[in-house]
Amino acid sequence: MSAKPAETASPHFRAAYDDALGQWPFPVDSRGLPTPYGLTRINSCGPLAAPPLVLLPGGGATSLVWRAAVAAGLGRTHRVHAVDLVGEPGLSVPAEGRPIRSTGDLDGWLGAVIDGLAATGPVTLAGHSYGAWIAARCRSSRPTPSPGASRSSWDRSPTPEPLRHRWIPASYGYFRWGHEARRR
């Protein structure tokens, strides 16, 4: 990866992004997570010890679209990790010469993101539209989050309460990615 998000985003986009992020109801920790497909921007908030929740935006959107869901309660009950998709608007930067071109690439990218979070328990995935499709696609094509994580499985747990409200569009998806040994 040769570029950093601050170097690739226009100053106006970056200012608007930072302003919108500053309006979130909880303090946000932002970072760039290296993956084989580029540097993935993750905006995290909520209690550090709370269950992890990865939120994937729809195509053409950034992680900032999840502000209302965070305000509705997810930021109190979960450690929220709102992700800018690589190759979409936002502050993620695709790796030079390694674009995401296939569903297998998406699976690999999402697995690298989840592994990079280094969660100590199950990780819940939620998405809107394209983000929901990515989560569902990854769920249906891969029973484990990464090739080396043979003790992992999916679980259809109840949807967190703030994601049940009417304002969540119908193209919403929710899955849980957890470890069998940790659920006992």
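Owing to the predicted nature of the structure, the values given are computational and were not obtained by experimental measurement.
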Looking only at non-hydrogen atoms, find the nearest pair between [X] and [Y] and report the distance.
X	Y	result
P57	A61	CG-O, 3.9 Å
S129	G58	CB-CA, 4.2 Å
T77	P51	O-CD, 3.4 Å
A112	P36	CB-CD, 3.8 Å
A126	W66	O-CZ2, 4.3 Å
D84	L91	OD2-N, 2.8 Å

Roughly how far, to the nearest 0.5 Å, is the [atom2] atom of [Y] from the [atom1] atom of [X]?
X	Y	atom1	atom2	result
I114	H81	CD1	NE2	10.5 Å
I134	L125	CD1	CG	10.5 Å
W109	S92	CH2	OG	7.0 Å
L74	R67	CG	CZ	13.5 Å
S63	L56	OG	CG	10.5 Å

Assess the residue pair T40 and V93 against the criterion (side-chain contact (heavy atoms from CB on, under 4.5 Å)); give the C-alpha distance rounded to whole Å, side-chain angles, the decisive distance to 0.1 Å, and a yes or no. CA-CA 7 Å; T40 300; V93 180; over 6 Å; no
Sequence-distant partners of [X], side chain to side chain donor-acceptor pair (under 3.5 Å), two or more places apart:
X	value
R76	none
S30	R41, N43
R79	D29

According to the salt bridge (charged side-chain N to carboxylate O under 4.0 Å, His left out) rule, which pairs have a member within residues 50-65, sequence neighbours left out? none
Salt bridge (charged side-chain N to carboxylate O under 4.0 Å, His left out) partners of residues 46-57, not counting sequence neighbours, each pair once: none
Applying side-chain contact (heavy atoms from CB on, under 4.5 Å) to L64 and L21, what does each step give before you reach the verdict? CA-CA 7 Å; L64 301 177; L21 192 58; 3.6 Å; yes
Would you say L33 and L39 make side-chain contact, with heavy atoms under 4.5 Å? no
Do the side chains of V54 and V123 get nearer than 4.5 Å, heavy atoms only? yes
For the pair E88 (side chain) and G60 (backbone), establish whether a donor and an acceptor sit closer than 3.5 Å, ignoring hydrogens and angles. yes
Y130 vs W133 aromatic rings, parallel, tilted or perpendicular, using cut-offs 30° and 60°? parallel
Could you pull out all residues at least two apart from D105 that satisfy side chain to side chain contact (heavy atoms under 4.5 Å, CB included)? Y37, I100, R101, S102
